[in-house]
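Here is how names work: the chains are called A, B, and so on, in the same order as the sequence lines, proteins then strands, and each is numbered from 1. When reading the values below, keep in mind they use all heavy atoms of this one structure, side chains included, and skip hydrogens, waters and symmetry mates.
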Amino acid sequence: MIVRAESGGTIPDDDVLVIAGEPLSSRFFLGTGGLPRLSLLESVLAAARPGLVTVSVRRTSTREPGGLLGTVRSHGVRVLPNTAGCLSAREAVLTAELAREALETDWVKLEVIGDESSLLPDAVELLEAAETLVAKGFTVLPYAPPDPVLARRLADVGCEAVMPLGAPIGSGLGVLDPWTLEAVVAAVEVPVVLDAGIGTASDAARAMELGCAAVLAASAVTRAEDPPAMARALRLGVEAGRAARSAGRIPRRAVARASSPMTGRIG
Amino acid sequence: MLITFNGQPREVPPGRLSALLVELLPASGCGAGVAVAVNGEVVPRSAQAECWLRPGDVIDVVSAVPGG
């Protein structure tokens, strides 16, 4: 049986990603940062058909009615505000509260950056902020270092997913440490979303093959030469990786094993 | 009185937060898609008309922008 997803894609109804009790229409999540112009967002969304779309909140002096939010919402996609750029738990908590008020959602992609050049997360501040936000009723999806122990701690304080990085934000290096990513997947019951580091479709497929429940990409799409084309490629990569993971790959072997029969050969 | 508005010092007359927002942000006011914090605490839209500003208040107004 097939269900028609809100965003227009078709997905088997027994493989729907559910976060915090909510079924999402796709395992590909899109970040909107980095597009050369906002007018591209419409065609990127149409090609990506994402299950979630992230935005940031920043000081404003004007508002664009029907701009960013209008475009995202016209595609029927849930908006996931992030706390990008926050350097402490206190800043991240306030940013999440402002996002909840502005966007009327209690979902948040929690980011607490520990270093402005590497953009790597600060694990200590992250855990503190996660615990505080869960207590305030937020659905918390933390952007985290790829660490199975921290992932378990984040799940234990009530995070509804864990979002380990594959490589630094915007680097396009893919999944640098597949062993650790698999260990994160094994460590927690909540969905694991690969967040950051994706460069191209094979990276997204790899993350899904390693057991991730979803993949989030921003720069890989928005800074590609052709953002809508890359959005489609990553969506297909996520789908292929998920299918391959479910299909059960052959074990790796050190030596060859013929697939054609050895009997009946001429000569 | 002197306040800090989105990181900048501003001289404003005493009054309510809702009036200040209408004056300083005519395009957005305190409508949907915008959130306001005073001294690090979110002031919900429903409370902005009853929020009287004091000298030295730090006000931040945010809305959604593209982000990863």
Exercise for the section: Would you mind listing every salt bridge (Lys or Arg N to Asp or Glu O under 4.0 Å) that reaches into residues 48-68 of chain B, with sequence neighbours excluded? Expected result: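 Residue pairs with at least one partner in residues 48-68 of chain B: A:R59-B:D60, B:R16-B:E50.
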Exercise for the section: Name, in order of residue number, those residues of residues 81-91 of chain A that have a heavy atom at a distance of less than 4.5 Å from a heavy atom in chain B; otherwise write 'none'. Expected result: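 The list, in residue order, reads A:N82.
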Exercise for the section: Under 4.5 Å, heavy atom to heavy atom: which of residues 94-112 of chain A reach chain B? Give them by number, or say none. Expected result: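 Residues of residues 94-112 of chain A touching chain B at under 4.5 Å: A:L94, A:E97, A:L98, A:E101, A:A102, A:L103, A:E104, A:K109, A:E111.
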Practice task
Check whether more than 12 heavy atoms from other residues, nucleotides or ligands sit under 6.0 Å from atom CD of B:E11, and answer yes or no.
Solution key: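 Buried by this count: over 12 neighbours within 6.0 Å.
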Problem - Check: B:G67 main-chain N/O paired with A:T54 side-chain donor or acceptor under 3.5 Å - result: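 Checking the backbone N and O of B:G67 against the side chain of A:T54, a donor-acceptor pair under 3.5 Å is found.
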Problem - side-chain contact (heavy atoms from CB on, under 4.5 Å) assessment of B:V62 paired with A:T60 - result: CA-CA 5 Å; B:V62 302; A:T60 184; 5.6 Å; no
Practice task
List in chain and number order the residues that pass side-chain contact (heavy atoms from CB on, under 4.5 Å) with A:E131, two or more places apart in sequence or in another chain; answer none if no residue qualifies.
Solution key: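 side-chain contact (heavy atoms from CB on, under 4.5 Å) check on A:E131 returns A:V157.
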Handout entry: Beyond-backbone contact of B:P66 with A:L35, side-chain heavy atoms, under 4.5 angstrom
Key =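 The answer is no; the side chains never approach within 4.5 Å.
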Exercise for the section: Under 4.5 Å, counting heavy-atom pairs only, tell me which of A:G33, A:G31, A:A196, A:A218 racks up the most with chain B. Expected result: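 Option with the greatest count: A:G33.
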Handout entry: Contact winner vs chain B - A:T222, A:V53, A:T32, heavy-atom pairs under 4.5 Å
Key =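 With the most close heavy-atom pairs to chain B, the winner is A:T32.
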